[in-house]
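A short write-up of the structure that comes next.
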Amino acid sequence: MKFKDMPYKRVDYDKTAEQFKTLTKRVKEAKNGEELWEIHQEYYKVYQNMMDSMTIAEIRHDGNTADPFYAAEKDYYDETAPMLSSLATDYQRALYESPYRSFMEEKIGRVAFATMDNAIKSMDESIIGLMQEENALTTQYNKLIASAKIPFDGQVCNLSLLRPYLTGNDRTVRRQAWKAYSDYFMTVADELDDIYDKLVKNRTAQAKAMGYDNYIQLGYYRMNRNSYDRNDVENFRRQVKEVFVPFAERVHEIRRKRLGLEKLSYIDNEVYFKEGNPDPVGTAQEILESGQKMYAELSPETKEFFDFMMENELFDVFGRKDKKQGGYMTYLHQYHSPFIFANFNGTSGDVDVITHECGHAFQGYLSGQDPIMEHADITMETAEIHSMSMEFFTDPWMKEFFGDREKDFLSMQLEDAIRFIPYGTMVDEFQHIVYETPELTPQERRREWSRLEKIYMPHLDYEEDPFFSKGGFWQKQQHIYNSPFYYIDYVLAQSCAFQYKVWMDEDYREAWKSYLALCRLSASKFYPEMLRECGLKVPFEDGYFEELVEKLGKKLHA
């Protein structure tokens, strides 16, 4: 079914709550495993129907944040979703504690019960009010960012439409665009500080109410970290600082020489060539059509997937006024349909949507064929491998998108991925500091960000910009507001995608077989064992980066 034709009906809280309560009672009274399994099948339907309604409302709200109907629906779910989540957790707790749990483990797997354990540890009826307030605050942030109106070049731009100017080939225009960007954030800096300060205090209060010292442990449970902990992440960050940051600085030096600059400025941070970054050729619609041709040639599985996406109009990628910034893939269970949301703006990021978000969507399409619902509950450090690796697997088709600048794009793609590792790791360390010391003032948080920038990105020079030089850059990073501790998942996944990059250059067919196996495993196995089964190394292990950095270094071009 086409997305536009999918009917929407608001989730009836009272009816759904009663269904969850009845199912929970039946789980507790179940006489055997078979009966428990039948009850769980009913739960599947109730839960998936609820989630689909909420997802449709979210997509349509994000497509136009000024639409009053879906704005009201968003407010409704901000209030009711925590209550429904609490009731779903009650059901999971009953299933987790059932005397027939071993029977259910045979059906849905050990990973599913580890996920339930995390859900139980991260939800309590006493914090529903705080969760509702948290939702309202993140909605306030997203509306503020989506409503940006920045006069530039004779038009009024939102943050997405300004981006081509921020990475253009004219350095004077770039500087003007960055000034306009900075000026906008200066006008909303106090409001951004206030929202984040309230979020930190709110999340800390939730953690305290749950019996935790601070939000970090609760945040890990909510991110469903079911096979590694904070110590593993700290060891990974240590290796990034010791091994990868010096490597990334070498890449920045290559870029500086290529640009012919004496010193890199923040206005050059995402620029790779004097003549400007390679932009895709063709219209937005032609990019989608090139994507369809590419996936038809890549494999039978990807052809089937992309044809399905196009036939059912499961893309919303065109930039519009009042459209939420950013991009994502989500999933509609009863339609077995992934959905991709993005903002095309004429830059190479448009092609990233066709590769990165389609990596997510391809895996979602495959996992939708798995009858076990819990196998779709992939943790984010795994989910992002699917997307970031697809960026590399589609490299042989980049001439379709970039024409004569294909090689420039491939160089930029690799260098940009390398550049990301220190930044993403820094975001994670910043969040650990923030939630370990929630009493920090907004000014102190900015100073911490500036301190970390000197460790992770020592080349960076903000030239006294009044917003960015004072540690404000993180306020444009939506994940910090919306999804605490998510960002390290990108970094872990990018490091695994680098393994695939090295592997596919040596044996593309074998690397693709491994990737396909990883996608099909979904959440049926824990992260470390899944990686090892697919022939990948686990990023937390000591010495992880040494060989990888050596092999990646050989692929760089001055």
Side-chain angles (χ1 to χ4, degrees), residues 225 227-255 269 356 379-393 395 410-432 452-460 485-507 511 514-515 518 526-558:
R225 304 268 153 81
S227 55
Y228 61 92
D229 59 22
R230 184 178 176 180
N231 291 330
D232 294 313
V233 173
E234 287 177 354
N235 191 50
F236 179 81
R237 290 203 309 255
R238 176 188 60 78
Q239 293 189 77
V240 169
K241 283 186 273 196
E242 291 177 0
V243 181
F244 210 91
V245 167
F247 175 55
E249 289 300 300
R250 278 172 47 203
V251 173
H252 286 299
E253 180 62 12
I254 289 171
R255 189 166 60 88
N269 201 38
H356 180 102
T379 46
M380 290 301 101
E381 78 287 319
T382 301
E384 297 299 344
I385 301 175
H386 307 140
S387 57
M388 291 175 157
S389 300
M390 186 64 89
E391 293 179 35
F392 291 135
F393 276 113
D395 280 351
L410 295 177
S411 292
M412 179 179 75
Q413 178 195 56
L414 179 59
E415 291 177 27
D416 196 56
I418 291 167
R419 182 186 67 84
F420 170 74
I421 295 285
Y423 172 75
T425 309
M426 178 177 67
V427 169
D428 182 70
E429 184 165 349
F430 174 71
Q431 292 185 94
H432 278 79
L452 291 172
E453 283 181 323
K454 293 177 177 61
I455 296 170
Y456 284 97
M457 300 187 295
H459 70 280
L460 198 56
F485 302 113
Y486 188 155
Y487 227 61
I488 197 65
D489 298 83
Y490 285 116
V491 184
L492 293 168
Q494 185 67 77
S495 72
C496 289
F498 282 143
Q499 292 187 64
Y500 273 129
K501 171 63 178 170
V502 170
W503 191 354
M504 70 181 71
D505 287 350
E506 296 169 353
D507 190 335
S514 166
Y515 174 80
L518 183 74
F526 290 106
Y527 174 67
E529 64 179 307
M530 187 187 308
L531 293 183
R532 293 188 183 105
E533 182 172 320
C534 293
L536 300 174
K537 294 181 179 178
V538 181
F540 304 120
E541 295 171 352
D542 286 338
Y544 174 78
F545 277 118
E546 273 82 355
E547 183 182 0
L548 193 56
V549 161
E550 180 184 353
K551 289 184 176 180
L552 290 174
K554 293 176 181 177
K555 299 180 184 300
L556 296 173
H557 302 285

Min side-chain heavy-atom separation Q431-E429 under 4.5 Å: no
Ring geometry between Y515 and H386 (parallel below 30°, tilted from 30 to 60°, perpendicular above 60°): perpendicular
Distance flag, aromatic centroids of Y228 and F526, threshold under 6.0 Å: no
Main-chain N/O of F540 paired to N235 side chain as donor or acceptor, under 3.5 Å: yes
Salt bridge (charged side-chain N to carboxylate O under 4.0 Å, His left out) involving E453 - partner list, sequence neighbours excluded: none
Side-chain touch S387/M390, heavy atoms, less than 4.5 angstrom: no
Under-4.0 Å salt bridge between K551 and D505: no
Backbone N/O of H356 and side chain of E391: donor-acceptor pair under 3.5 Å: no
Aromatic plane relationship, Y500 with F393 - under 30° parallel, 30 to 60° tilted, over 60° perpendicular: tilted
K501 vs Q499, side-chain contact (heavy atoms from CB on, under 4.5 Å): CA-CA, chis, key distance, verdict: CA-CA 5 Å; K501 171 63 178 170; Q499 292 187 64; over 6 Å; no
Side chain to side chain, I488 and F236, heavy atoms closer than 4.5 Å: yes
Side-chain touch K555/V502, heavy atoms, less than 4.5 angstrom: yes
Check against side-chain contact (heavy atoms from CB on, under 4.5 Å), V243 and V549: CA-CA 8 Å; V243 181; V549 161; 4.1 Å; yes
Separation between CG of L536 and CG of L518, rounded to the nearest 0.5 Å: 7.0 Å
Separation between CD1 of I385 and OG1 of T382, rounded to the nearest 0.5 Å: 5.0 Å
D428 vs V491 side-chain heavy atoms within contact, under 4.5 Å: no
Nearest heavy atoms of W503 and G535, plus distance in Å: CZ3-O, 4.0 Å
Parallel, tilted or perpendicular, as decided by the 30° and 60° cut-offs, for the rings of Y487 and Y423: perpendicular
CD (E529) with more than 12 external heavy atoms under 6.0 Å: yes
Interatomic distance, I421 atom CD1 to F545 atom CZ [nearest 0.5 angstrom]: 5.5 Å
Spacing of CG belonging to L552 relative to CG belonging to L414, to within rounding of 0.5 Å: 6.0 Å
Under the side-chain contact (heavy atoms from CB on, under 4.5 Å) test, residues paired with A497 that sit two or more places apart: M388, S389, F392, Q494
Parallel, tilted or perpendicular: rings of Y490 and Y486 (30°, 60°): parallel
Intermediate values then yes/no, side-chain contact (heavy atoms from CB on, under 4.5 Å), V538 and R532: CA-CA 7 Å; V538 181; R532 293 188 183 105; 3.7 Å; yes
Derivation and outcome, ring-ring contact (aromatic ring centres under 6.0 Å, His included), residues F244 and Y456: CA-CA 9 Å; F244 210 91; Y456 284 97; over 10 Å; no
NZ (K537) with more than 12 external heavy atoms under 6.0 Å: no
Approximate separation, where rounding is to 0.5 Å, of E242 CD and E546 CD: 9.0 Å
D489: partners by side-chain hydrogen bond (donor to acceptor under 3.5 Å, both in side chains), with sequence neighbours left out: R225
I254 side chain near R250 side chain, heavy-atom distance below 4.5 Å: no
Smallest separation among heavy atoms of V245 and P422, with atom names: CG2-CB, 4.1 Å
Test item: D416 side-chain N/O and R419 main-chain N/O as donor-acceptor pair under 3.5 Å: no
Distance, nearest 0.5 Å, that separates CD of Q239 from CG of D542: 5.5 Å
Any side-chain heavy-atom pair of Y544 and L548 under 4.5 Å: yes
Heavy-atom pair of closest approach, residues S495 and P539: OG-CG, 3.7 Å
Worked check of side-chain contact (heavy atoms from CB on, under 4.5 Å) between N231 and E234: CA-CA 5 Å; N231 291 330; E234 287 177 354; 3.9 Å; yes
Donor-acceptor contact below 3.5 Å, side chain T425 vs main chain R237: no
